[in-house]
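Report on the structure given below.
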Amino acid sequence: MEIIENLCDITIFGGHGDLAFRKLMPALYHLSNNGYLDEQSRIITAARVPMSNEEHCDLVKSKLQEFLSDTAFDEEKFDRFKKQLHIVTINFMDNESYSGLEALLSTHPDRDRINYFSTAPDFFGMICKSLSDWKLITAQSRVVLEKPIGRDLDSSRVINMEVLKYFNESQIYRIDHYLGKDTVQNIMALRFSNRFFMPLWDANNIDHIQITVAESVGVEGRWGYYDDYGAMRDMVQNHLMQLLCLVAMEPPCSLDADSVRDEKVKVLRSLRPMSASDIEFKTVRAQYAAGSSEGEAVPGYLEGDGVEESTTETFAALRVDIDNWRWKGVPFYLRSGKRMQKRNSEIVIQFKEIPHSIFVNKGKCISQNKLVISLQPKESIQLQLMNKIPGLSEQMRLQQVELELNTPLNMSHKPDAYERLLLDVIRANPTLFMRLDEVEAAWKWADVILDGWSEEIVPMKSYSAGTDGPSAAIQLIARDGRSWHDE
Ligand code: NAP
């Protein structure tokens, strides 16, 4: 086991919320058990409801049993882990309630301090102010911000500026959990450590690129949050844009945080702004209607929580163009939606056809090579190639075969994205986190589309729950003579 000494105090604000129990505690439990967190490090939950340390440990235990796989929870390991658990009662609206946190943190004034804001962004500014009033922000402090950071450029600026009053940009870690997935990081390894992709990764050889993030679930009781955001703000502006950046960016001069983020921001600044007519013809927005999911009837978006009217999209599809030398003329098709037929996130790099075929393939054209990077439910990378069908037939016949890039996993536990990202915060490595200029460039581009949608430039379409989205999304790509990967 690799043991790395990472001594710090981690305070989770909103520590009894869904994200904290479902993702953060399990990630910290694994990091601690696997030797990535010094056993003297403290995990401090800031919760609104008063609770004894013992009650808190019991609650964390029951949540770990619920959210860890059966084999991952271990009584003995938990008994060690619980020594790191602490609880303080804090109401964000009450500055005085921070006294317990101050008492705890001041026992180790020189330790690295990680403040994880697992709360609605409306609280970010006031938590920062209280931390500052209580002199709890030191040069060794870092802050992790959960999405959503605003719902447009202006509101994201307000939130970021509030936090920047108290923390330097280098102390701020804006999390995008997609970037914590191994396969996503592997995009850089694949592109920048394999010679044969180097000459192929451009407009001369790539026909187009597709990025899909499809969920089979609906809004699952999060209507209040989701209806303020929708697919474009919740998924496209952040997760899909980050994936697009990793696929499209130029090789950074090194793997250090700013070199990587400099290249990503150049991509975002090269996105072609959409005109009104682009919004009309290159974007699709839609809401799911009643349908079925995994064999069960499910209500439509507007039937779920007693809300009858909403102009929030649960599906978005777009054709995106990047105006730079490498990608001139290569469309990026993006789509994301809820209540889709299946949970599926993938990036498809579709290479161009060969210039001339010497093979007669029963009148069918030779299929083009594809690189398919699957992010969920399974993480895999597959290269689709043409191969001879074995046998003695007179004419050489071809078939498509898949070259699977399987990574041998020499570990009993495959780390979750939050584990990777929390460990990076502990190690003070911000490479996989979004810098302010990235967030702003992505909003600037997305705002134009969102404004066009609010002016009804493109009508809201409908799709049945449990399908691949509206027919308009199929037409969006079919108009260019192409089709979605799974069609
Ligand atoms: P949540 O379950 O509502 O948790 C929010 C927490 O904040 C609750 O524990 C709540 O305390 C606490 N809180 C609210 N007002 C407070 C106050 N005045 N003083 C002290 N504590 C207060 O939300 P969540 O799902 O964990 O999400 C947290 C953040 O992460 C949100 O911004 C969300 O958008 C983002 N996020 C969540 C997920 C996810 O999977 N859940 C994924 C990505 C991003 P009480 O328990 O006392 O109400």
Side-chain angles (χ1 to χ4, degrees), residues 11-28 43-51 55-56 59-60 62-63 66-67 87-101 115-131 134 143-151 155-156 158-160 162-163 172-181 213 215 217-240 242 305 312 336 338 343 345 376 416-422 425 432-434 439:
T11 308
I12 306 174
F13 295 87
H16 278 172
D18 177 65
L19 181 72
F21 282 135
R22 227 156 31 83
K23 292 290 180 186
L24 307 184
M25 272 299 169
L28 291 166
I43 299 163
I44 304 165
T45 289
R48 185 160 42 175
V49 178
M51 197 177 267
E55 286 169 319
H56 171 60
L59 181 60
V60 173
S62 70
K63 295 289 182 181
E66 183 181 349
F67 293 118
I87 184 160
V88 292
T89 309
I90 288 182
N91 185 335
F92 306 145
M93 320 293 269
D94 174 12
N95 199 30
E96 294 307 308
S97 66
Y98 282 71
S99 58
L101 183 64
N115 301 283
Y116 200 116
F117 291 179
S118 183
T119 70
D122 308 354
F123 295 120
F124 292 177
M126 68 180 82
I127 302 173
C128 288
K129 181 172 183 317
S130 295
L131 289 174
W134 282 88
V143 61
V144 186
L145 306 184
E146 261 299 341
K147 76 163 199 183
I149 304 177
R151 59 188 309 284
S155 54
S156 85
V158 170
I159 296 165
N160 279 309
E162 280 291 309
V163 178
I172 302 175
Y173 290 67
R174 298 177 190 84
I175 207 160
D176 183 327
H177 68 272
Y178 267 68
L179 299 185
K181 289 179 185 293
V213 176
E215 298 173 282
V217 293
V219 285
E220 310 294 294
R222 295 181 75 219
W223 208 94
Y225 157 77
Y226 192 83
D227 199 55
D228 263 349
Y229 292 88
M232 185 73 180
R233 293 182 170 97
D234 190 47
M235 300 301 285
V236 177
Q237 181 274 343
N238 41 32
H239 303 317
L240 276 80
Q242 286 293 317
D305 287 279
T312 301
S336 180
K338 289 203 175 283
R343 178 170 175 248
S345 298
Q376 57 190 24
D416 175 72
Y418 274 93
E419 249 173 278
R420 154 97 263 159
L421 295 172
L422 271 164
V425 183
L432 298 177
F433 296 81
M434 289 177 292
V439 178

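Counting starts at 1 for both ligands and their atoms, following the listed order. Computed from a predicted model, the values in this text were never measured in an experiment.
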Under-4.0 Å protein heavy-atom contact, atom 3 (O) of ligand 1: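 Within 4.0 Å: no protein heavy atom nearby.
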Can you name the closest pair of heavy atoms from [X] and [Y] and give their distance?
X      : Y      : value
Leu421 : Phe433 : O-CZ, 3.3 Å
Ile12  : Ala20  : CG2-CB, 4.1 Å
Glu96  : Trp134 : O-CZ2, 3.7 Å
Leu432 : Leu179 : O-CD1, 3.3 Å

Which of the numbered atoms in ligand 1 are below 4.0 angstrom from a heavy atom of [X]?
X      : value
Glu146 : 30 (O), 36 (N), 43 (C), 44 (C)
Gly17  : 2 (O), 4 (O), 8 (C), 9 (O), 26 (O)
Ile90  : 19 (N), 20 (C)
Ala120 : 32 (O)
Pro148 : 32 (O), 34 (O)

Quick one: does [X] get an N or O within less than 3.5 Å of an N or O on ligand 1?
X      : result
Asn91  : yes
Pro121 : no
Arg22  : yes
Val49  : no

State if Phe123 counts as touching ligand 1 under the rule of any non-hydrogen atom under 4.0 Å.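 Phe123: in contact with ligand 1 (<4.0 Å).
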Starting from [atom], which protein heavy atom do you reach first, and at what distance in Å?
atom                    : value
atom 24 (P) of ligand 1 : Leu19 N, 3.8 Å
atom 22 (C) of ligand 1 : Phe92 CE1, 3.3 Å
atom 34 (O) of ligand 1 : Lys147 O, 3.2 Å
atom 46 (O) of ligand 1 : His16 O, 4.1 Å
atom 5 (C) of ligand 1  : Ser118 O, 3.9 Å
atom 7 (O) of ligand 1  : Gly14 CA, 3.6 Å

Working to the nearest 0.5 Å, report the span between CD1 of Ile159 and CZ of Arg174.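 Result: 10.5 Å between the selected atoms.
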Taking the six-membered ring of Tyr418, is the NZ or CZ of Lys23 close enough (under 6.0 Å from the centre) and on axis enough (within 45°)?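 Ring-cation test returns no.
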Using a distance-only test with no angle check, is there a side-chain donor-acceptor pair under 3.5 angstrom linking Asn91 and Ser97?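 No, no side-chain donor-acceptor pair sits under 3.5 Å.
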Is a side-chain donor-acceptor pair under 3.5 Å present for Ser345 with Gln376?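 Yes - a donor-acceptor pair under 3.5 Å links their side chains.
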Under the criterion side-chain hydrogen bond (donor to acceptor under 3.5 Å, both in side chains), I'd like the reasoning laid out for Asp234 against Tyr225: C-alpha separation, chi angles, the key distance, then a yes or no. CA-CA 10 Å; Asp234 190 47; Tyr225 157 77; 2.6 Å; yes
Full working for side-chain contact (heavy atoms from CB on, under 4.5 Å) between Leu131 and Phe13: CA-CA 11 Å; Leu131 289 174; Phe13 295 87; 3.9 Å; yes
Who gets closest to [atom] by heavy atom: [options]?
atom                    : options                     : value
atom 1 (P) of ligand 1  : Ile149, Asp94, Leu24, Asp18 : Asp18
atom 14 (C) of ligand 1 : Lys23, Arg48, Arg222        : Arg48
atom 31 (C) of ligand 1 : Thr119, Thr45, Ile175       : Thr119

Going by heavy atoms in the side chains, are Ile175 and Val425 under 4.5 Å from each other?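 Ile175 does not reach Val425 side chain to side chain.
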Once the angle between the rings of Phe21 and His16 is folded into 0 to 90°, is it parallel (under 30°), tilted (30 to 60°) or perpendicular (over 60°)?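 Phe21 and His16: parallel rings.
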